[in-house]
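One structure below.
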Amino acid sequence: MEIRNKRVVLTGAAGGMGRILAAELKKKGAILALVDANAKALNEVSGGLEGSYPVAGDLSSAEGCRKAAEACQEVLGGIDLLINLAGISSFTAYEDENPDKVELMMRVNLLAPMWLARAILPSMLAQNSGRIVNVGSIFGSIGFAYFTTYSATKFGLRGFSEALRRELADTKIKVTYIAPRAVKTPMNSDVIMKMGEATKMNMDAPEDVVRKIIAAINSDRKDIYFGFPEALFVRINVMFPRLVDKALAAQNRIARKFAKNEA
Ligand SMILES: NC(=O)c1ccc[n+]([C@@H]2O[C@H](COP(=O)([O-])OP(=O)(O)OC[C@H]3O[C@@H](n4cnc5c(N)ncnc54)[C@H](OP(=O)(O)O)[C@@H]3O)[C@@H](O)[C@H]2O)c1
C-alpha cells in the first residue's frame, strides 16, 4: 500500500514504537489520527507532527473503541489504514498474575483491535479499499513462559488476523499481521531488560522495527515475523513443538528467578 495521502488511524501512538511510527508515517505523507490513553504524551507527539489529530481515549472497552473510531472517522473523513499498535504486557509467574490484569490485557491487546476493526470495516467495505494492520508478537506464535497472559492475547490476535484476512479475501480490504521480537521500549521494565540480558534475548531498536513495519505495509505483506532465529523458531514450533520446549527450558529456569523476584 502506498502511504502517501492515506488516512491512517494509529493506536498506541504515544508509546515507544508508536511515536516513531507516527513520525515515519507523517514523513511518508499520511494524514494521521493518533490514538492513545496517555493524553499528555499524545498531545506532545501530535504537537510535533503538523496536521495530525490527537484522539485521546481508553481502548479497553467496546464503548471506548467505538468512540475512538467515531472520532477518527470524523477528523479524517474516512479511514484507509488502521494500525492496531496499542498494547500492554505482563512478566510474572502465572500463579502470581493479577486476574484483573488478565482481563485488561485481553481487552487492550485482543478485544480492542477486534472492536476497532468491527467499527471501521463497514466504511472500508463501502469505499472498497483499506488495510487493517495488527501488531502482534513472536510470543503470539511461541507461547513464552512468564509472558503467559501476553502470549495468549497475541495468539488470539494472530488467529483473528488470519481469519479476517481469509474472510475478506474476495474484497479490496487487506489484513496484515506483524510479529516483532523483543524491542527496546518502555513496555519492557528494568526487570525484563535484566532477564533479557541474562537469557541472551535478542532485542531490536524501535527505529528498525518501525522501518520493517512500514516496509510490510508498502509491500502488502499478509504476515511477517521479525528476526533470526525467532522467525525460524515460529515455523519449528508448528512442526516440532517438543524441540522448542527443550530449546527454551534452560532459559525459562533463568527467567523464573526474575519473574519471581529472586534473581
Ligand atoms: N516492546 C516489545 O518488546 C514488543 C515486542 C513485540 C511486540 N510488541 C507490541 O508492539 C506494540 C507497541 O509496543 P511498545 O513497545 O511501543 O509499547 P509501549 O511503549 O508501552 O506503548 C504502548 C502504548 O499503548 C498505550 N495504551 C496502553 N493501554 C491503552 C489503552 N487501554 N487504550 C489506549 N492506549 C493504550 C500506552 O499508553 P500508556 O503509556 O498510557 O499505558 C502506550 O502509549 C504492542 O502491541 C506490543 O505488544 C512490543
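Given the structure is predicted, the values throughout are model-derived calculations rather than measurements. All ligand and atom numbering here is 1-based and tracks the order in the structure. Because only heavy atoms are used, hydrogens play no part in the values below, and waters and symmetry mates are left out as well, while side chains stay in.
When only interatomic distances are considered, the shortest N/O to N/O separation between I88 and ligand 1 does not fall below 3.5 Å. Polar contact check, A182 against ligand 1: no nitrogen or oxygen pair lies under 3.5 Å apart. The shortest N or O to N or O distance between V108 and ligand 1 is not under 3.5 Å. Where the criterion is an N or O separation shorter than 3.5 Å, residue side chain and backbone included, S137 fails it with respect to ligand 1.
T185 OG1, 3.1 Å is the protein heavy atom nearest to atom 1 (N) of ligand 1. Of the protein's heavy atoms, R181 O, 3.2 Å lies nearest to atom 5 (C) of ligand 1. Annotation: atom 32 (N) of ligand 1 to nearest protein heavy atom, L59 N, 2.9 Å. The shortest contact between atom 31 (N) of ligand 1 and any protein heavy atom is with D58 OD1, 2.9 Å. The closest protein non-hydrogen atom to atom 48 (C) of ligand 1 is M17 CE, 3.6 Å. In this structure, the protein non-hydrogen atom closest to atom 20 (O) of ligand 1 is M187 CB, 3.6 Å. What sits closest to atom 4 (C) of ligand 1 on the protein, heavy atoms only, is V183 CG2, 3.9 Å. Protein heavy atom in closest approach to atom 39 (O) of ligand 1: N38 ND2, 3.9 Å.
With V45, L85, T11, V135 as candidates, the residue nearest to atom 11 (C) of ligand 1 on a non-hydrogen basis is L85. Here the shortest heavy-atom distance to atom 29 (C) of ligand 1, taken over P186, A37, P206, P180, belongs to A37. Nearest to atom 21 (O) of ligand 1 by heavy-atom distance, out of G136, G18, G15, is G15. Nearest residue to atom 23 (C) of ligand 1 from D36, I20, N134, V35 is D36 (criterion: closest heavy atom).
Shown in contact with G12 at under 4.0 Å from a heavy atom are these atoms of ligand 1, numbered in order with element: 23 (C), 24 (O). Those atoms of ligand 1 that come under 4.0 Å of a heavy atom in G16, given as number and element, are 16 (O), 18 (P), 19 (O), 21 (O). Contact atoms of ligand 1 toward N188: 1 (N), 2 (C), 3 (O) (distance under 4.0 Å to a heavy atom of the residue). Every atom of ligand 1 is numbered from 1 in the order shown, and the set under 4.0 Å from a heavy atom of Y150 is 6 (C), 7 (C), 8 (N), 9 (C), 46 (C), 47 (O), 48 (C).
By the definition of a contact as any protein heavy atom under 4.0 Å away, atom 41 (O) of ligand 1 is not in contact.
The hydrophobic cluster containing V102, built from Ile/Leu/Val/Met/Phe/Trp/Tyr side-chain heavy atoms closer than 4.5 Å, also comprises Y94.
Between F139 and Y150, the ring planes lie perpendicular to each other; the angle is over 60°, past the 30° to 60° tilted range.
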